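In what follows, every heavy atom counts, from backbone to side chain, and hydrogens, waters and symmetry copies are set aside. Quantities reported herein were computed from a predicted structural model and do not represent experimental measurements.
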Amino acid sequence: MPDWEVVVMAWAVLIVSGFFEAGWAVALKLSDGFSRLWWTVAFAVFALISFAGLAWAMKQLPAGPAYAVWTGIGAALTAVIGMVWLGDGVSTIKLVSLGLIVSGVIGLNLAGGGH
């Protein structure tokens with residue numbers, strides 16, 4: 001596989017891993033302190049997949065932008081899920097803050113996120 005294809009694959013794996021990060025965060029919340037078995041199992045599975053994808057992607061990508069994308073996707077998606085499905089409050093400042101997270105991840109990548 002040409003080098004650029006490996007880098008594109010690494011970004012794709014990283015993005016999917018960010019979604020799994022949101023999955024484990026939500027499952028952790030729903031596990032109620034690890035007292036609900038299936039949400040605890042979901043947490044463990046999602047966390048394992050998320051960290052494995054991050055670890056693989058970071059073999060190909062710069063650490064800073066890769067970690068920022070992973071945590072940015074996880075944090076933003078977890079916040080949106082919380083607001084939409086888990087009863088977390090919605091406010092203008094929360095929405096603006098989500099926009100700032102996304103903007104920061106994009107800016108970090110534009111400032112040298114390439115391989």
Side-chain angles (χ1 to χ4, degrees):
M1 189 179 309
D3 194 43
W4 68 270
E5 288 181 355
V6 173
V7 171
V8 169
M9 179 63 74
W11 280 112
V13 167
L14 185 70
I15 290 167
V16 170
S17 297
F19 280 85
F20 277 100
E21 186 199 0
W24 70 250
V26 171
L28 181 61
K29 166 72 174 165
L30 296 174
S31 78
D32 195 29
F34 298 124
S35 66
R36 298 173 68 197
L37 176 64
W38 293 113
W39 284 115
T40 300
V41 170
F43 160 77
V45 170
F46 292 159
L48 181 64
I49 292 168
S50 179
F51 281 105
L54 173 65
W56 184 84
M58 286 183 98
K59 290 182 352 184
Q60 307 298 326
L61 302 172
Y67 187 68
V69 166
W70 182 74
T71 57
I73 290 170
L77 188 56
T78 301
V80 169
I81 291 169
M83 287 185 274
V84 173
W85 288 293
L86 301 178
D88 294 353
V90 179
S91 68
T92 301
I93 191 69
K94 285 184 180 182
L95 296 175
V96 169
S97 296
L98 285 171
L100 290 171
I101 290 169
V102 172
S103 298
V105 168
I106 290 169
L108 186 56
N109 278 286
L110 291 174
H115 188 255

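- Its side chain within the 4.5 Å cluster rule, W4 clusters with V8 among the Ile, Leu, Val, Met, Phe, Trp and Tyr residues.
- Between I73 and I15, the shortest heavy-atom contact is CD1-CA, 3.8 Å.
- For the side chain to side chain contact (heavy atoms under 4.5 Å, CB included) test, residues two or more places apart in sequence or in another chain that qualify with T40 are S31, F34.
- Here the closest heavy-atom approach between residue A10 and residue Q60 is recorded as CB-CB, 3.7 Å.
- Put simply, the side chain of L30 reaches to within 4.5 Å of the side chain of L86, judged on heavy atoms.
- Judged as a side chain to side chain donor-acceptor pair (under 3.5 Å), not a single pair has a partner in residues 75-88 (not counting sequence neighbours).
- Summarising the local packing, CH2 of W56 is surrounded by more than 12 heavy atoms from other residues, nucleotides or ligands at distances under 6.0 Å.
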Inset, instruction - Just do the side chain to side chain contact (heavy atoms under 4.5 Å, CB included) check on W39 and D32 with the steps written out, would you? - result: CA-CA 8 Å; W39 284 115; D32 195 29; over 6 Å; no
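- Residues G64 and L108 come closest through the heavy atom pair O-CD2, 3.8 Å.
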Please table the atom pairs, donor to acceptor, closer than 3.5 Å between any side-chain atom in residues 43-53 and protein atoms at least two apart or in another chain.
from: S50; atom 1: OG; to: S17; atom 2: O; distance (Å): 3.0
from: S50; atom 1: OG; to: E21; atom 2: N; distance (Å): 3.4
from: S50; atom 1: OG; to: W70; atom 2: NE1; distance (Å): 2.9

May I have the list of side-chain donor-acceptor pairs in residues 89-106 shorter than 3.5 Å, sequence neighbours left out?
from: S91; atom 1: OG; to: K94; atom 2: N; distance (Å): 3.2
from: K94; atom 1: NZ; to: G89; atom 2: O; distance (Å): 2.7
from: S97; atom 1: OG; to: I93; atom 2: O; distance (Å): 2.7
from: S103; atom 1: OG; to: G99; atom 2: O; distance (Å): 2.8

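- For the residue pair L14 and A66, the shortest heavy atom distance occurs at CD2-O, 3.5 Å.
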